[in-house]
Amino acid sequence: MKKYKDFIFIAIIAAVRTPYAYKLAYIERGYRAIGGEVCVPILIILLWYIYRELKNIIKETKA
């Protein structure tokens, strides 16, 4: 169950950060367009998954 709580927490963070990334991209470009900021939620979730897997690998190697 903790795994799902972590995922939901990370998904909420990604959802909150994405509009901020769009705003920064608009300020940088000066016009509305879709670019790399679309990858923000995917990147956050991917980094969470990699962190979790590395933690499990380290735990298994110590045992």
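Heads up: numbering here begins at 1 and tracks the sequence. Just so it is clear, the structure is predicted and the values come from calculations on it, not from any experiment.
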Solution key, residues 12-25 side-chain donor-acceptor pairs under 3.5 Å, sequence neighbours excluded:
unit_1	atom_1	unit_2	atom_2	d
T18	OG1	A14	O	2.7

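For the atom pair I50 CD1 and I45 CD1, the distance stands at 12.5 Å (nearest 0.5 Å). Note: K55 NZ to I58 CD1 = 10.0 Å, rounded to the nearest 0.5 Å.
Residues satisfying the side-chain contact (heavy atoms from CB on, under 4.5 Å) test with I34, not counting sequence neighbours, are V38. Listed by chain and number, the residues in a salt bridge (charged side-chain N to carboxylate O under 4.0 Å, His left out) with R32 amount to none (sequence neighbours excluded). Considering only residues two or more places apart in sequence or on other chains, E28 meets the side-chain contact (heavy atoms from CB on, under 4.5 Å) condition with none of them. Looking at residues two or more places apart in sequence or on another chain, you find no side-chain contact (heavy atoms from CB on, under 4.5 Å) involving I42.
The nearest pair of heavy atoms linking W48 to F7 is CZ3-CD1, 3.5 Å.
As a member of the Ile/Leu/Val/Met/Phe/Trp/Tyr network built from side-chain separations under 4.5 Å, Y51 groups with nothing else and remains a singleton.
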